[in-house]
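Below: one structure, written as structure tokens.
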Amino acid sequence: MSFTEKVLAVVKRIPKGQVLTYKEVARRAGSKRAYRAVGNILNRCGGMRSGIPCHRVVRSDGTVGGYAWGTKKKEKLLRKEKAIS
DNA sequence: AATGAGGCCCTAA
DNA sequence: ATTAGGGCCTCAT
């Protein structure tokens, strides 16, 4: 089981309406210092390509962070799920 | 409060 | 084995 798979599994388990930080995801995946890699991985996933809600992962600051399809799209999705203000 | 520079972890070439 | 890149995080101006 590679780190990527673990990360994807973690993100997949995020319930609707809830968001996790990259840091948290990295920590749950095993390497709490790998938040960078998490970003890279989610970027490759580029959305719900595998049923993985990458848009439910945000930055520690509370900002949405980045998104392969565009930050605006991510914000919109999160607002739809009431995950953010 | 808002930038700038550094650093660690992973994947792909 | 090494290099480059990334949706980041933190510390110090």
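All chains are named by letter (A, B, ...) in the order of the sequence lines, taking the proteins before the strands, and each is independently numbered beginning at 1.
Using a 4.0 Å heavy-atom cutoff across all strands shown, A:T71 reaches no nucleic acid atom at all. As judged by a 4.0 angstrom heavy-atom cut-off over every strand, A:V57 is placed among the base-contacting residues.
Closest contact between the side chain of A:N40 and the listed nucleotides C:dG6, B:dG7, B:dA12 involves C:dG6. Closest to the side chain of A:Y35, out of C:dC8, C:dT10, C:dG6, is C:dC8.
In this structure, A:Y22 places its OH atom 14 Å from P of C:dT10, rounding to the nearest Å. Per the geometry, CG belonging to A:D61 stands 12 Å off C1' belonging to B:dA2, to the nearest Å. Taking atom CZ on A:F3 and atom C1' on C:dG6, their separation rounds to 13 Å, with Å as the unit. Separating the CZ atom of A:R36 from the C1' atom of B:dA12 is a distance of 16 Å, rounded to the nearest angstrom. Atom CZ in A:R33 sits roughly 10 Å away from atom C1' in B:dC9 (whole-Å rounding). At whole-Å resolution of the value, CZ in A:R44 and P in B:dC9 are 21 Å apart. Straight-line distance from the CD atom of A:E24 to the C1' atom of C:dC9: 13 Å, rounded to whole Å. Atom-to-atom, CE of A:M1 to C1' of B:dC10 comes out at 15 Å; the value is rounded to the nearest Å.
A donor and an acceptor atom, one from each side chain of A:E75 and A:H55, are nowhere located under 3.5 Å apart.
Put simply, A:R59 has a side-chain N or O that comes within less than 4.0 Å of OP1 or OP2 on C:dC9. OP1 and OP2 of B:dC10 both lie 4.0 Å or more from every side-chain N or O belonging to A:S2. When the side-chain nitrogen and oxygen atoms of A:K32 are compared with OP1 and OP2 of C:dC9, none of them lie within a distance under 4.0 Å.
Stem regions for DNA chain B, each three or more consecutive Watson-Crick or G-U pairs with both distances under 3.5 Å and listed by first number, read B:2-7 with C:8-13, B:9-13 with C:2-6.
Atoms NZ and CG, on A:K72 and A:L77 in that order, are 13.5 Å from each other to the nearest 0.5 Å.
Remark: the backbone N or O of A:G65 is not paired with any side-chain donor or acceptor of A:R59 at under 3.5 angstrom. Using a distance-only test at 3.5 Å, with no hydrogens or angles considered, no donor-acceptor pair links the side chain of A:K74 to the main chain of A:V58. Looking at A:K32, its side chain never comes within 3.5 Å of a backbone N or O of A:K23 through a donor-acceptor pair.
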Discussion item. Between A:I14 and A:V11, is the side-chain contact (heavy atoms from CB on, under 4.5 Å) condition met? List the steps.
Written reply: CA-CA 5 Å; A:I14 302 178; A:V11 176; 4.1 Å; yes

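Projected onto DNA chain C by closest heavy-atom contact, A:A34 and A:S60 fall at different nucleotides, the more 5' of which corresponds to A:A34.
A salt bridge links A:R27 with A:E24: at least one charged nitrogen is closer than 4.0 Å to a carboxylate oxygen.
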